[in-house]
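On a predicted model such as this, the values are computed, not experimentally measured, just so you know. Worth knowing before you read on, the calculation uses all heavy atoms, side chains too, and leaves out hydrogens, waters and symmetry mates.
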Amino acid sequence: MMCTAKKCGIRFQPPAIILIYENETKGKRRQRIMPVRNFSKFSDCNRAAEQLKNNPRHKSYLEQVSLRQLEKLFIFLRGYLLGQSLAETMEQIQRETTIDPEEDLNKLDDKELAKRKSIMDELFEKNQKKKDDPDFVYDIEVEFPQDEQLQSCGWDTESADEF
């Protein structure tokens, strides 16, 4: 069955992921409610999202829904179970999904580094201009203004004769 996901959300009581999709063969919009079972405030949201996305009953419906979006929905559910307000949970998600340019990524463990890299990849894909885009321009040349004089380094001024 061919279906196009339109909206994806969460219901807190009883916990469920709700998907609004369009059936392409009939052209009708439908709603699918996928109950969330065995999820607690201590559960891993990423793992729960992967299990739901790979569930044979829901797999064909969730093909177009990104794993990151499902993970965010599970984070909202976990925040609800922890007693957090919606604003607090949204602030937590904002902190976790933004990259601080001043953060030293060399000090992160492998799991956190992989998470930051996936966020950067997703941001790159979202901002990338492709040939099919209407505002795509080939071979853009930009001159950046220089506020101060460039400092020369000692290693690039020495001649090759000294080596």
Keeping to residues at least two apart or across chains, list the side-chain hydrogen bond (donor to acceptor under 3.5 Å, both in side chains) pairs with something in residues 26-37.
-> Arg32-His58
From Arg116 atom CZ to Glu96 atom CD, the distance as rounded to the nearest 0.5 Å | 8.5 Å
Do other residues, nucleotides or ligands put more than 12 heavy atoms under 6.0 Å from Lys41 NZ?
-> no
Only distances under 3.5 Å count here; give the side-chain donor-acceptor pairs of residues 63-76 to other protein atoms, sequence neighbours excluded, each with its distance to 0.1 Å.
{"residue": "Gln64", "atom": "OE1", "partner": "Ala5", "partner atom": "N", "Å": "2.7"}
{"residue": "Ser66", "atom": "OG", "partner": "Gln69", "partner atom": "N", "Å": "3.2"}
{"residue": "Arg68", "atom": "NE", "partner": "Glu122", "partner atom": "OE1", "Å": "2.8"}
{"residue": "Arg68", "atom": "NH2", "partner": "Ser118", "partner atom": "OG", "Å": "2.7"}

Might you point out which heavy atoms bring Arg57 and Asn55 nearest each other, and give the distance in Å?
-> N-OD1, 3.0 Å
Between Ile140 and Val142, the two heavy atoms sitting closest are CG2-CG2, 3.7 Å
Just wondering, do Gln94 and Met90 contact through their side chains at under 4.5 Å, heavy atoms?
-> no
Any donor and acceptor pair, going by atom type alone, linking the side chain of Lys131 with main-chain N or O of Phe136 inside 3.5 Å?
-> no
Nearest atoms (heavy-atom pairs only) where Gly79 meets Thr89 | CA-OG1, 3.8 Å
Do Lys115 and Leu108 have side-chain heavy atoms sitting under 4.5 Å apart?
-> no
What distance do Gln84 atom CD and Gln92 atom CD have between them, rounded to the nearest 0.5 Å?
-> 5.0 Å
If you draw a 6.0 Å radius around CG in Asn38, do more than 12 non-hydrogen atoms from other residues or ligands fall strictly inside?
-> no
Separation of Cys3 SG from Leu19 CG (nearest 0.5 Å) = 7.0 Å
Does CG belonging to Asp121 count more than 12 external heavy atoms closer than 6.0 Å?
-> yes
Within the side chain of Glu112, is there an N or O that forms a donor-acceptor pair under 3.5 Å with the backbone of Asp109?
-> no
Joint cluster assignment, Val36 & Phe12, ILVMFWY side-chain distance < 4.5 Å | yes
Does the side chain of Met120 come within less than 4.5 Å of Leu105's, by heavy atoms?
-> yes
Between the side chain of Asp133 and the main-chain N/O of Asp135, is any donor-acceptor distance below 3.5 Å?
-> no
Nearest atoms (heavy-atom pairs only) where Lys59 meets Asn54 | CD-O, 4.5 Å
Spacing of Ile93 atom CD1 and Thr98 atom OG1 [to the nearest 0.5 Å] | 11.5 Å
More than 12 heavy atoms of other residues, nucleotides or ligands under 6.0 Å from CZ of Phe42: is that the case?
-> no
Heavy-atom closest contact (Leu81 atom, Ser40 atom, distance) | CD1-C, 3.8 Å
Distance-minimising heavy-atom pair for Ile18 and Ile33 = CG1-CG1, 4.2 Å
Going from CG on Leu86 to CD on Glu91, what distance comes out if it is rounded to the nearest 0.5 angstrom?
-> 12.0 Å
